[in-house]
2 protein chains.
Amino acid sequence: MQGSNHDDVRRRNLSVILRLVHRAGPVSRSQLTRVTGLNRSTIAALVGELAELGLAEEREPDATNQVGRPSMMVAASDHVVALAVNPEIDAVTIGVVGLGGTVHRRIREAMAQSPSAADAVATTVDVLQRMRAELGPRFRFVGVGVAVPGLVRAHDGLVRHAPHLGWVDEPLAGMLEAATGLRVFAANDASTGAMAERHFGAGRGITDLIYLNGGASGIGGGLIVGGAPAGGVAGYAGEFGHTRVSSSAATDSAGIAGTLEAEVTRSALLDLLGQGTLDPDDFERALLASTSPQVRHEVERQLDHLAVALAGAINILNPQLVVLGGFLASIHAVDPERLRAAVGRLTLPVPFDSVRICPAQLGSNLLMIGAAELVFERLLDDPGGFVLPAG
Amino acid sequence: MQGSNHDDVRRRNLSVILRLVHRAGPVSRSQLTRVTGLNRSTIAALVGELAELGLAEEREPDATNQVGRPSMMVAASDHVVALAVNPEIDAVTIGVVGLGGTVHRRIREAMAQSPSAADAVATTVDVLQRMRAELGPRFRFVGVGVAVPGLVRAHDGLVRHAPHLGWVDEPLAGMLEAATGLRVFAANDASTGAMAERHFGAGRGITDLIYLNGGASGIGGGLIVGGAPAGGVAGYAGEFGHTRVSSSAATDSAGIAGTLEAEVTRSALLDLLGQGTLDPDDFERALLASTSPQVRHEVERQLDHLAVALAGAINILNPQLVVLGGFLASIHAVDPERLRAAVGRLTLPVPFDSVRICPAQLGSNLLMIGAAELVFERLLDDPGGFVLPAG
DNA sequence: CTAGTTTGCTGTGCAGGGCAACAAACAGGG
DNA sequence: CCCTGTTTGTTGCCCTGCACAGCAAACTAG
């Protein structure tokens with residue numbers, strides 16, 4: 001219940017403009033006046049301040065062949081970068097992402113064994129130093145975003161439980177903050193994926209969506225409700241994998257029976273395909289190419305279970321869009337109509353009519369973009385007040 | 001992506017102050033300065049403007065026995081009122097609710113048969129005229145809020161489908177607007193109940209909660225996610241009744257099998273209790289007094305099914321609180337521990353530890369307060385700009 | 001080259017919150 | 001009862017930041 005004053009107006013307007021150029025790419029000043037409703041002179045002053053802060057850059061106008069004086073282009077600076085980190089069971093993937101949207105670098109550091117939190121920190125520090133040297137002083141690192149396969153407490157980045165990494169109550173964000181001197185924000189990997197798809201993928205401009213990702217280690221998800229990422233009270237929201245979808249006794253990683261994660265697994269399909277492990281693209285190709293009736297039957301069984309979980313969420317949340325990532329996108333691709341029909345049988349007609357189900361659009365950069373967005377989100381909230389470290 | 005200007009600051013500050021006195025009751029000016037962070041002089045000016053608008057009233061200070069000059073009390077005006085309407089299968093309940101929180105009047109207009117939309121409008125107009133005459137010109141009606149047992153499209157108040165009333169695509173809000181000359185806002189009854197419990201009941205100050213209400217006609221619900229009521233893309237969110245909780249073939253009112261609404265019903269309990277119909281309080285008393293093992297068994301069966309639906313929602317939304325209303329509160333009262341334990345078996349430990357399950361606090365005024373809040377919410381968003389009709 | 005259009009730039013006006021100084025209203029202590 | 005210390009209301013002034021108008025600049029079209 002905070003009151004507003006002049007500073008808040010300035011902060012909000014800077015935030016709105018920087019957010020626009022970050023999300024929508026380079027935009028002309030005249031477009032900014034139209035979209036924000038602010039006066040030309042105000043836009044000029046705001047853009048000037050953003051440029052002084054080094055967050056935006058003004059370029060000569062593009063040739064538009066339009067009547068009237070051409071308008072300057074405004075773009076978010078790609079030299080303002082976030083370090084994106086994604087620890088997994090067999091590797092730590094680290095990237096450098098610019099505010100303008102460019103993924104400058106991405107490195108997958110393979111690990112001999114599942115990394116501890118300390119391992120992840122050490123690797124991150126190491127890669128950060130190399131990246132800094134490589135990119136030179138023009139690039140300013142404003143923070144670190146971490147996408148963790150597990151439950152992460154939102155406010156302080158404590159990893160409560162990451163089963164596949166074997167982490168329990170690891171103060172990852174704090175450790176990284178101490179080791180790098182940068183501000184660190186951590187969140188669940190699926191939640192960050194949802195945010196990435198929402199802003200830069202299949203969910204652009206959509207205010208209510210559900211994102212479900214199927215990985216080797218299970219099923220996670222994220223929600224956007226009313227335009228804002230829904231974290232729940234502590235940031236643990238989105239655990240679709242443990243929704244009960246059948247009365248079978250098969251249990252998931254948390255020991256709960258009959259859940260989505262127990263019934264719908266990538267490994268069951270890999271077994272039937274006669275494959276050990278496949279990268280996601282090869283997996284989808286193999287699945288689509290398969291003519292085996294057993295494979296087909298298993299896909300259909302999994303789609304029907306997936307439909308139960310989706311239907312429940314659709315009835316409750318009335319979303320505009322369901323985005324499926326990972327192997328869930330693959331089984332969806334085999335028979336989209338079956339999934340949609342199964343969902344339709346379990347939902348009310350009205351919410352069903354307004355929902356679309358589609359595959360994720362962002363590929364391998366998903367988690368890099370999402371993790372970087374964790375940092376940029378704070379920067380965008382208060383462009384002037386966010387402490388920019390020197391360098 | 002709107003920009004802000006001075007008007008927005010004023011609007012927001014007026015909004016913040018009026019919302020505070022509306023939600024928290026009378027508050028001193030000095031408290032307002034502390035909570036909002038605004039200057040004394042600013043608070044004085046803002047309160048003065050609200051008083052001029054007739055929305056707030058300043059009173060002499062309460063005796064506090066504190067050192068220093070006593071601070072003026074500020075209260076929302078109870079003469080600013082909303083008409084709350086709740087059509088049901090056998091009656092239309094209509095009330096007059098003041099901005100300060102007082103329910104000035106409440107009338108249950110019994111209906112010989114299930115009212116049509118036109119019946120509901122006619123009754124409302126009739127009651128409104130009587131109330132206006134009764135209360136006199138000092139009371140200003142700022143709008144009409146309607147809590148409808150069915151799916152309501154948020155932006156225009158179209159009732160898409162109200163199965164128990166037999167309504168399909170009734171433009172209820174538009175009809176009422178034409179008939180009364182007041183602004184009308186309609187929403188699902190359970191959603192408005194969630195809002196009421198959130199602001200004035202069990203969920204005060206809580207940002208993430210789930211509300212489930214069990215009525216004679218089924219189970220509905222509402223969500224508060226991140227502090228905001230979650231309506232979904234069109235306002236249909238919260239339909240917990242159609243969540244699949246078992247593999248049984250029993251169907252609900254929408255024809256979906258094995259859902260919460262199919263398994264958990266008030267009528268099954270009434271049958272076992274040997275009662276035809278009971279008002280909610282009598283029902284709960286009878287249920288708690290019953291020593292029949294069949295009743296006990298049925299309650300436990302229903303609690304176990306309820307647990308499945310709650311667990312799914314808790315995993316997905318990580319709420320701080322689950323509020324149970326109607327007969328769901330009654331079966332919960334029989335054995336709270338059983339429900340909690342059953343939920344615990346189906347949820348992840350971390351979100352489970354942070355959630356509390358409790359009965360609703362607001363009794364028979366729930367829907368009156370909630371429906372009025374639909375109107376007040378708009379008024380609070382822009383106290384100066386909300387058009388106050390004369391009278 | 002001219003007319004028309006759109007945008008950038010500059011100086012001014014204005015609304016509204018912050019601030020400081022003073023007065024007013026309280027409690028507590030002697 | 002008076003004095004002191006504390007807190008709040010009130011008033012006048014200041015400062016910030018957006019709007020607006022007027023003019024110059026840069027484009028298209030004919």
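Model, not experiment: these values are computed from the prediction. A note on names: the letters A, B, ... follow the listed sequences, proteins ahead of strands, and every chain is numbered from 1.
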Does the side chain of Asn13(B) get closer than 4.0 angstrom to OP1 or OP2 of dG17(C) through an N or O atom? yes
Separation of dA15(C) atom P from Asn5(B) atom CG, nearest Å, is 13 Å
In this structure, how many angstroms lie between the P atom of dG17(D) and the CG atom of Asp8(A), rounded? 11 Å
Would you mind telling me which of dT28(D), dA27(C), dG17(D) lies closest to the side-chain atoms of Val67(A)? dT28(D)
Output the single nucleotide from dT7(C), dG17(D), dA19(D) whose closest atom is nearest the side chain of Ser71(A). dT7(C)
To the nearest angstrom, the CD-P distance between Gln31(B) and dT7(D) comes to 15 Å
Any donor-acceptor N/O pair under 3.5 Å between dG9(D) base and Arg40(B) side chain: yes
For Ser28(A) and His6(A), find the nucleotide of DNA chain C closest to each by heavy atoms; which residue's nucleotide sits nearer the 5' end? Ser28(A)
Between Ser4(B) and Arg34(B), who's closer to the 5' end of DNA chain D by nearest nucleotide? Arg34(B)
dG8(C), OP1 or OP2 - any side-chain N/O from Arg29(A) closer than 4.0 Å? yes
Rounded to whole Å, please give me the gap between CG in Asp62(A) and C1' in dT7(C). 15 Å
With a 3.5 Å cut-off and just heavy-atom distances, do the side chain of Thr64(B) and the base of dC26(C) make a donor-acceptor pair? no
Cation-pi, Phe386(B) ring and Arg183(B) (6.0 angstrom, 45 degrees): yes
Interatomic distance, Leu38(B) CG vs dG9(D) P [rounded to whole Å]: 14 Å
Of the candidate nucleotides dG16(C), dA25(C), dT5(C), which contains the atom at the shortest distance from the side chain of Arg69(B)? dA25(C)
According to a strict under-4.0 Å criterion, is Ser30(A) in side-chain N/O contact with OP1 or OP2 of dT6(C)? no
Tell me which nucleotide among dG17(D), dT10(D), dG16(C) gets nearest to the side chain of Arg10(A). dG17(D)
Tell me, do Asp8(B) and Val9(A) make a side-chain contact under 4.5 Å, heavy atoms counted? no
For the atom pair OG1 (Thr207(A)) and CZ (Arg198(A)), what is the distance rounded to the nearest 0.5 Å? 7.0 Å
Residue Pro70(A), side-chain heavy atoms: nucleotide from dC26(C), dG8(C), dC27(D) that is nearest: dC27(D)
Could you check whether the side chain of Ser41(A) and the base of dC18(D) have a donor-acceptor pair of N or O atoms closer than 3.5 Å, going by distance alone? no
From CD of Gln66(B) over to P of dT8(D), roughly how many Å is that when rounded to an integer? 8 Å
Separation of dG17(D) atom C1' from Leu14(A) atom CG, nearest Å, is 11 Å
Starting at CD of Glu60(B) and ending at C1' of dA24(C), how long is that distance when rounded to a whole Å? 13 Å
Shortest side-chain distance from Thr42(A), nucleotide among dG17(D), dA24(D), dA19(D): dA19(D)
Mind checking Asn39(B) for me? I need base, sugar-phosphate or nothing, with any heavy atom below 4.0 Å counting as a touch. base
Can you check whether Val27(B) reaches Val35(B) side chain to side chain, under 4.5 Å on heavy atoms? no
Verify, without hydrogens or angle tests, whether Asp208(B) (side chain) and Asn318(B) (backbone) share a donor-acceptor contact under 3.5 angstrom. no
Please check the phosphate of dC27(D) (OP1 and OP2 only) for any side-chain N or O of Asn65(A) closer than 4.0 Å. no
Any side-chain heavy atom of Ile224(B) sitting closer than 4.5 Å to one from Ile206(B)? no
Toward the 5' end of DNA chain C, by each residue's nearest nucleotide, Met72(A) or Leu46(B): Met72(A)
